[in-house]
Q: 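Here it is, the structure in full.
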Amino acid sequence: MRSFVFLFWLGSTLFWAESALGQTRPTVPAIAPIPRQPTVPVSSDVLSRTAIATSETSIGSVAPSLAPPAGVALPDSGIVFTAEEFYQAVLQHNPIVKQAALLSQEAQAQVQQARGAFDPRLFSTYNRKNFGNTLYYDKWQSGLAVPILPGGLDVKMTYDRNTGKYLNPENNVPPTGLIALGLSVPVTQGLLIDARRNTLRQAQLAINLADADRVSLINKTLLDAAKAYWDWYLAYQQFRWIEQGYQLAQTRFVAVRQRALIGDAAPIDTTEALITVQDRLVQFQQMAVDLQNARLGLTTFLWSSQEGAVPQPVDLPLTVIPQAAPPDQTSQVQLQELLSRAAQQHPDLLKLVNKQQQLTIEERYRRALLLPKVSVEASLLSRGPLSDANYDGSSSYGFQSNNHKIGVDLAFPLFLRAERGKLRQIQLQNQQTGLERQQTGRDIVNEVQRSWNELVALEKQIITQQQTTANQQTLVQAEVSKFQLGESSLFLVNSRETKLIDLLIKLEELRTKHQKALANLWYAAGSNVGSR
């Protein structure tokens with residue numbers, strides 16, 4: 001009676017397990033080593049052939065639902081979307097990168113605006129008064145003013161034509177009008193630098209500031225993109241190892257069930273094997289969700305764009321897989337090159353250098369304002385042209401040294417408190433910027449060194465973890481051999497195998513950290529991994 005009940009319980013358990021797990025798999029004699037995922041190299045236009053050409057935009061798309069556990073596994077090989085191809089796609093199509101390019105264009109527009117202060121200017125003024133059938137005055141002046149960049153000069157040419165009974169005598173001109181050609185020259189204040197040239201030079205330096213901001217924004221975008229790519233890589237590797245572990249557990253359960261049916265294994269071992277399958281199934285389902293979320297994080301940076309068109313978001317096809325983590329090796333030569341690059345090209349340092357140059361120009365301008373404001377205006381005069389019939393051959397009213405007009409303008413504040421206060425403020429700002437530049441340079445060197453130390457440490461940890469994984473693989477194979485000989489238990493086999501999977505995942509985590517540390521190293525040096 002007890003034997004009948006036990007067989008009934010065993011048959012019910014196996015029937016339920018088979019229904020829950022789906023189609024059974026053939027029995028395998030041992031657990032084979034878990035191989036690394038093979039990859040298929042592709043050309044550099046992988047994004048155009050996969051993500052852009054064959055994918056719909058993410059607007060209105062629905063994420064694929066999870067398939068049954070036995071069908072979720074990725075193919076053994078697929079189209080490899082390398083990190084370098086991903087970086088180039090981000091540099092070419094990402095809207096943030098395109099937005100960064102607009103910063104330089106905006107600065108160039110500001111330069112053009114500052115140059116507008118030196119544009120030639122046409123002007124004309126007309127005044128007329130008629131009262132009681134009497135023309136008091138009729139005055140008309142037209143001219144052209146041309147600012148000259150060197151020296152702050154203004155070239156001015158005017159034509160006056162004035163008539164009227166009550167015209168001011170100083171406005172009397174010949175009947176044909178009066179032509180004046182002259183200069184306005186600042187003698188002290190404004191001779192070397194004035195407000196117009198100060199604005200223009202600072203706007204020109206602002207181009208370098210905008211370019212540094214552009215580089216900084218691109219570097220930050222590439223750093224975030226690199227982290228998203230290697231998060232995708234880690235999620236893919238975790239999914240792959242857990243999926244293979246789940247398949248191995250499922251295969252082992254079928255084998256143990258068959259052995260239990262023929263009396264070669266203890267029936268309780270089927271429960272042990274089933275628990276392992278169920279535990280790995282939960283992990284497998286969670287890894288599938290994590291992989292989908294990691295793919296979504298990657299597609300945040302993927303866009304398609306054409307000249308003059310609005311960029312459109314794209315999704316990666318399901319057949320695209322990440323590349324294997326490259327075994328990058330570091331050397332002291334690379335460290336010195338990165339430090340040299342950071343000292344010369346780091347955008348944070350370039351911004352401070354250009355800001356200090358702007359303050360230096362502003363300081364020169366403020367010093368010039370301490371001088372008296374003296375300007376001299378001189379013009380040569382000539383009457384308007386006469387017709388040939390009225391021309392008498394006289395040149396006494398033509399352009400001669402005797403026919404001239406001279407004026408001097410002088411202004412000087414007595415205390416100069418506003419000018420001296422502003423000058424002192426600019427000097428202090430210049431000193432603060434210089435000190436900030438020194439501290440920033442030191443911080444950059446330390447950050448590069450810290451990133452370098454982390455990178456070197458991770459390389460050593462990866463080597464150690466590879467050795468540990470290889471040793472654990474040997475231990476698993478030995479435990480399987482002992483189990484087949486009846487000298488071990490299923491619990492020990494599952495424990496050894498679970499430990500192996502954990503070590504493999506930890507190895508991939510170290511490789512992911514290594515690639516992120518490499519991207520962070522280039523970012524600390526003022527560059528990005530896409531420009532290596």
Q: Is there side-chain contact between Q465 and T469, with at least one heavy-atom pair below 4.5 Å?
A: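 Yes - at least one pair of side-chain heavy atoms lies under 4.5 Å apart.
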Q: Pairing donors with acceptors under 3.5 angstrom, does anything connect the side chains of Q467 and N471?
A: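 Looking only at side-chain atoms, N471 and Q467 do not form any donor-acceptor pair under 3.5 Å.
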Q: Between Q472 and R496, does the side-chain hydrogen bond (donor to acceptor under 3.5 Å, both in side chains) criterion hold? Intermediate values first, please.
A: CA-CA 8 Å; Q472 184 66 25; R496 303 291 191 197; 5.8 Å; no
Q: Tell me which pairs pass salt bridge (Lys or Arg N to Asp or Glu O under 4.0 Å) where either residue lies in residues 203-212, with sequence neighbours left out.
A: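 Qualifying pairs: D211-R214.
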Q: Check whether H514 reaches the backbone of P327 with its side chain - one donor and one acceptor, N or O, closer than 3.5 Å.
A: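 No, the answer is negative, given that no donor and acceptor are paired below the 3.5 Å cut-off.
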Q: For S216, enumerate each residue passing the side chain to side chain donor-acceptor pair (under 3.5 Å) test, keeping only those at least two apart in sequence or located in another chain.
A: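 S216: no side chain to side chain donor-acceptor pair (under 3.5 Å) contacts found.
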Q: Do L504 and E508 touch side chain to side chain, with heavy atoms closer than 4.5 Å?
A: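 No, side chains not in contact.
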Q: Could you tabulate the donor-acceptor pairs under 3.5 Å formed by side-chain atoms of residues 200-207, not counting sequence neighbours?
A:
unit_1: Q202; atom_1: NE2; unit_2: N198; atom_2: OD1; d: 3.0
unit_1: Q202; atom_1: NE2; unit_2: E362; atom_2: OE1; d: 2.7

Q: Going by heavy atoms in the side chains, are D279 and Q283 under 4.5 Å from each other?
A: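 Yes - at least one pair of side-chain heavy atoms lies under 4.5 Å apart.
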Q: Applying salt bridge (Lys or Arg N to Asp or Glu O under 4.0 Å) as the test, list every pair that has at least one member in residues 329-356; sequence neighbours left out.
A: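 Non-adjacent pairs meeting salt bridge (Lys or Arg N to Asp or Glu O under 4.0 Å): D213-K351, D348-K351.
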Q: Which is it for T360 and E363 under the side-chain hydrogen bond (donor to acceptor under 3.5 Å, both in side chains) test, yes or no, and what are the steps along the way?
A: CA-CA 5 Å; T360 301; E363 183 178 348; 5.4 Å; no
Q: Does NZ or CZ of R240 fall inside the cone over F284's six-membered ring, less than 6.0 Å from its centre and within 45° of the axis?
A: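 Judged by the rule, R240 and F284 form no cation-pi pair.
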Q: With W230, which residues qualify under ring pair (Phe, Tyr, Trp, His ring centres under 6.0 Å), at least two apart?
A: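 Only Y233 meet the ring pair (Phe, Tyr, Trp, His ring centres under 6.0 Å) criterion with W230.
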Q: Applying side-chain hydrogen bond (donor to acceptor under 3.5 Å, both in side chains) to D443 and Q439, what does each step give before you reach the verdict?
A: CA-CA 6 Å; D443 292 341; Q439 183 62 45; 2.9 Å; yes
Q: Apply side-chain hydrogen bond (donor to acceptor under 3.5 Å, both in side chains) to S304 and Q312, showing your working.
A: CA-CA 5 Å; S304 65; Q312 296 294 328; over 6 Å; no
Q: Are any non-hydrogen side-chain atoms of F86 and L298 less than 4.5 angstrom apart?
A: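 Yes, close enough: below the 4.5 Å cut-off.
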Q: Can you tell if the side chain of Y523 reaches within under 4.5 Å of the side chain of S527, non-hydrogen atoms only?
A: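 No. Closest side-chain heavy atoms not under 4.5 Å.
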Q: Strictly by modelled atom types, are Q88 and E84 linked by a side-chain donor-acceptor pair under 3.5 Å?
A: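 Short answer, yes.
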Q: What salt bridge (Lys or Arg N to Asp or Glu O under 4.0 Å) pairs are there with at least one residue in residues 448-468, not counting sequence neighbours?
A: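 Applying salt bridge (Lys or Arg N to Asp or Glu O under 4.0 Å) to every pair that reaches into residues 448-468, excluding sequence neighbours, yields E447-R450.
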